[in-house]
Structures are given as C-alpha cells and as structure tokens.
Peer 1: 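Have a look at this one.
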Amino acid sequence: MNKPLSVLNNHPHIWRAREKKQSEAKFSLGFPHLDKALNGGVASTGLVRIASLTGVGELSLFKEVICGHRTHKLVVFINPPGLLQSPWLENLGLNAQQVLVVKASSQQESLWAAEQCLKSSACHCVVLWSNAVGQKAARRLQVAATHNDALCLLYTPQQRISQQNTNASALPIALDLALLGEPHTLSISIRKQRHGWPKDNIVIPHQWTPDNRAIKWAMAHNTLSDQALHSVS
C-alpha cells in the first residue's frame, strides 16, 4: 500500500499547503495588497475568469497586464459588450494598431475564435466575453494559452457565476476572480488560484461609474464611423 501512496504523493500536479510557493512567471496588477494575495500577481499564461458587471473597472484592473508586456504581439477583444473606442484604448496604454476586435455570431464561434487566436502565437492577450464556458472549453483555452505563451481573460456575468458557484472550482483554469464595484473602491474575491488559497473581499482604491447603465447606453449608441481598430465578424 505504501508504494502507490508514494507515487501519488510525488505527483507534480499535486500541491500541498505546507509546500513553498512554486516559481511561476507572474504579471503584477500594480496593487501590492492584491498582488500579495495572488502570490506575486496574475500568471503570465493560462485562463483567468473574471465575474463582473460591465463598467466597474474590470478592464482597468488588468491595465498593467494587458499593456505592459509582450507589446509586439496582438491584444484581441472577442464579443465586447459595447463598441470599443480607440481613444479609450490609447488612454489605457494600448496601441490601436496592435488591437483586433472579433465579433462572433454565437457563443460557440467566440470560443473557437479565442482558441485559434491563442494557438496562433501572435497574441499576447485574448479578452473574451462569454457566459457559456464549460469544463471542456475552459480546458482547451487553458491549454492553448499555456502552450503558446499567452493569457486569456474570460469575462462572465456575475449572476452566471453565482448560479454555477458549486462547479466554479472544477474548471481547469489558472485563476478565478469575482469583482464588486463600490464608490471609490473595487472589492476582489479570489475564488480559486493555482498554488494558493481562495480569499474574499480584497479592497483596492479604484474609480468607477456607480451606475453602469449610462456607460452601456453610450457604448451601444455610439455613431462614430471613423474607427482605427481592426475588426472582423
């Protein structure tokens, strides 16, 4: 009986809380308190799921991650909840010439597009909005990102995560976060992280729009036709 247990105990995919943190390339989010809870920041590759309302600062939170690394590669936005404006992206720190926007007609097409972008090795980060990512799709995105030196940020509606909370930890992903916007702050809960513990209510200073209906309306009704962004449907 000791031999099988010994083999299992030495398996490289098993992490024990008593062990020292394993060395892994991380991208800092720029908030020391949050980076500490994440053992140095966000993994440089893999799939990260973020449950959040639109407009609370969910993209700005990852500003350093999206804009500060592998700047020679593309950043791809797939099915964003509104029309992305090049001035806003430039203000965020992104070169609009390095941005590609993909508009898929179905959830299945958006997942396929995300996987192909990650496999291309031309992308630094793929930002995907979807509410239909199961275990199989998550595993494919995780593998594609990890094997091609890329990061995939998956944004999911907050209520969708709440409904599936019992299965949240089962997804094969590097990191699972939930965001809650409050006036002048952003509260982050770490639902799952590789080689680390979950942690609730990490509060960081952050400016956001208290009522995101205004920003969603503006994005949906924007009529500017002179767009510098590369877009495919």
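If you're wondering where the values come from, they're calculated on a predicted model, not measured in any experiment.
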Peer 1: Can you measure from CZ (Phe77) to CG (Leu84) and round to the nearest 0.5 angstrom?
Peer 2: 6.0 Å
Peer 1: Hydrophobic cluster membership, with links at side-chain heavy-atom distances under 4.5 Å among I/L/V/M/F/W/Y: are Val143 and Leu153 in one?
Peer 2: no
Peer 1: Charged N to carboxylate O below 4.0 Å: is that the case for Lys26 and Asp35?
Peer 2: no
Peer 1: Drop me the distance from Ile66's CD1 to Leu92's CG, to the nearest 0.5 angstrom.
Peer 2: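 The CD1 atom of Ile66 sits 6.5 Å away from the CG atom of Leu92.
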Peer 1: Only one of Arg49, Arg191, Lys192 clears salt bridge (charged side-chain N to carboxylate O under 4.0 Å, His left out) with Asp176; which?
Peer 2: Arg49
Peer 1: Kindly indicate whether the side chain of Leu154, heavy atoms from C-beta on, has any atom under 4.5 Å from the side chain of Ser130.
Peer 2: yes
Peer 1: Count I, L, V, M, F, W, Y as connected when their side-chain heavy atoms are under 4.5 Å apart, and connections chain through other members. Are Val203 and Ile190 then in the same cluster?
Peer 2: no
Peer 1: Quick check: closest heavy atoms across Glu64 and Leu29, and the distance to 0.1 Å?
Peer 2: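 Taking Glu64 first and Leu29 second, the nearest heavy atoms are CG-O, 3.9 Å.
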Peer 1: How far apart are the closest heavy atoms of Leu141 and Ala114, and which atoms are they?
Peer 2: CD2-CB, 3.9 Å
Peer 1: Count the heavy atoms of every other residue, nucleotide or ligand shown that sit under 6.0 Å from CH2 of Trp112, and state whether that count exceeds 12.
Peer 2: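 Count not over threshold, so no.
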Peer 1: Examine distances only and state if a side-chain atom of Ser60 and a backbone atom of Gly57 form a donor-acceptor pair shorter than 3.5 Å.
Peer 2: no
Peer 1: Is Leu53 linked to Leu61 within one hydrophobic cluster, defined over Ile, Leu, Val, Met, Phe, Trp and Tyr using a side-chain heavy-atom separation of less than 4.5 Å?
Peer 2: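 Linked, Leu53 and Leu61 end up in one cluster.
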Peer 1: Would you say that Pro80 contacts Val101 through its side chain, given a criterion of any heavy-atom pair below 4.5 Å between the two side chains?
Peer 2: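 Answer yes - side chains close enough.
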Peer 1: Can you name the nearest heavy-atom pair linking Arg70 to Thr45, along with the distance?
Peer 2: NH1-CG2, 4.5 Å
Peer 1: Holding to side chain to side chain donor-acceptor pair (under 3.5 Å), I want the full list of residues that pass it with Gln193, two or more places apart in sequence or in another chain.
Peer 2: none
Peer 1: Using only atom types and a distance under 3.5 Å, with no angle test, would you say the side chain of Gln142 pairs donor to acceptor with the backbone of Ala138?
Peer 2: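 It does not hold such a pair.
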Peer 1: Using the ring-ring contact (aromatic ring centres under 6.0 Å, His included) criterion, which residues pair with Phe27? Sequence neighbours excluded.
Peer 2: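 Only His69 meet the ring-ring contact (aromatic ring centres under 6.0 Å, His included) criterion with Phe27.
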Peer 1: Are the side chain of His124 and the backbone of Val65 linked by a donor-acceptor contact shorter than 3.5 Å?
Peer 2: yes
Peer 1: Do the side chain of Lys119 and the main chain of Asn148 share a donor and acceptor less than 3.5 angstrom apart?
Peer 2: no
Peer 1: Can you name the closest pair of heavy atoms from Cys67 and Leu94 and give their distance?
Peer 2: SG-CG, 3.7 Å
Peer 1: Who pairs with Asn201 by side-chain contact (heavy atoms from CB on, under 4.5 Å), at least two apart in sequence or on another chain?
Peer 2: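 Asn201: side-chain contact (heavy atoms from CB on, under 4.5 Å) contacts with Ser187, Ser189.
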Peer 1: With hydrophobic residues grouped by side-chain heavy-atom distances under 4.5 Å, do Ile204 and Leu179 end up in a single group?
Peer 2: yes
Peer 1: For Ala150 versus Cys123, what's the shortest heavy-atom pair and its separation?
Peer 2: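 Closest approach of Ala150 to Cys123, heavy atoms only: CB-O, 3.5 Å.
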Peer 1: To the nearest 0.5 Å, what is the distance between OH (Tyr155) and CD1 (Ile78)?
Peer 2: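 One gets 13.5 Å once the value is rounded to the nearest 0.5 Å.
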Peer 1: More than 12 non-hydrogen atoms from neighbouring residues, nucleotides or ligands closer than 6.0 Å to CD on Glu90, yes or no?
Peer 2: yes
Peer 1: Using modelled atom types only, decide if a donor and an acceptor are shared between the side chain of Glu58 and the backbone of Val56 within a distance under 3.5 Å.
Peer 2: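 Answer holds: yes.
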Peer 1: What heavy-atom pair brings Leu118 and Leu151 nearest, and what distance separates the two atoms?
Peer 2: CD2-O, 4.1 Å
Peer 1: To the nearest 0.5 Å, what is the distance between NZ (Lys73) and OG (Ser120)?
Peer 2: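 Answer for the NZ-OG pair, Lys73 versus Ser120, is 8.0 Å.
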Peer 1: To the nearest 0.5 Å, how far apart are NZ in Lys36 and CD1 in Ile202?
Peer 2: 11.0 Å
Peer 1: Go through the steps to decide whether Leu111 and Val133 satisfy the test side chain to side chain contact (heavy atoms under 4.5 Å, CB included), and finish with yes or no.
Peer 2: CA-CA 8 Å; Leu111 294 173; Val133 178; 3.6 Å; yes
Peer 1: In Å and rounded to the nearest 0.5 Å, what is the CD1 to NZ distance from Ile188 to Lys199?
Peer 2: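 One finds 11.5 Å between CD1 of Ile188 and NZ of Lys199.
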Peer 1: Considering only heavy atoms from C-beta outward, does the side chain of Leu83 approach that of Gln85 to under 4.5 Å?
Peer 2: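 In short, these two side chains touch, coming nearer than 4.5 Å.
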Peer 1: Counting N and O atoms only, with roles assigned by atom type, does the side chain of Asn91 sit under 3.5 Å from a partner on the main chain of Pro87, one being a donor and the other an acceptor?
Peer 2: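 Looks like no, no N/O pair under 3.5 Å.
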Peer 1: Transitively linked via ILVMFWY side-chain contacts under 4.5 Å: Trp129 with Val48?
Peer 2: yes
Peer 1: Does any N or O in the side chain of Asn79 come within less than 3.5 Å of the main-chain N or O of Ala104, such that one atom is a donor and the other an acceptor?
Peer 2: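 Checking the backbone N and O of Ala104 against the side chain of Asn79, a donor-acceptor pair under 3.5 Å is found.
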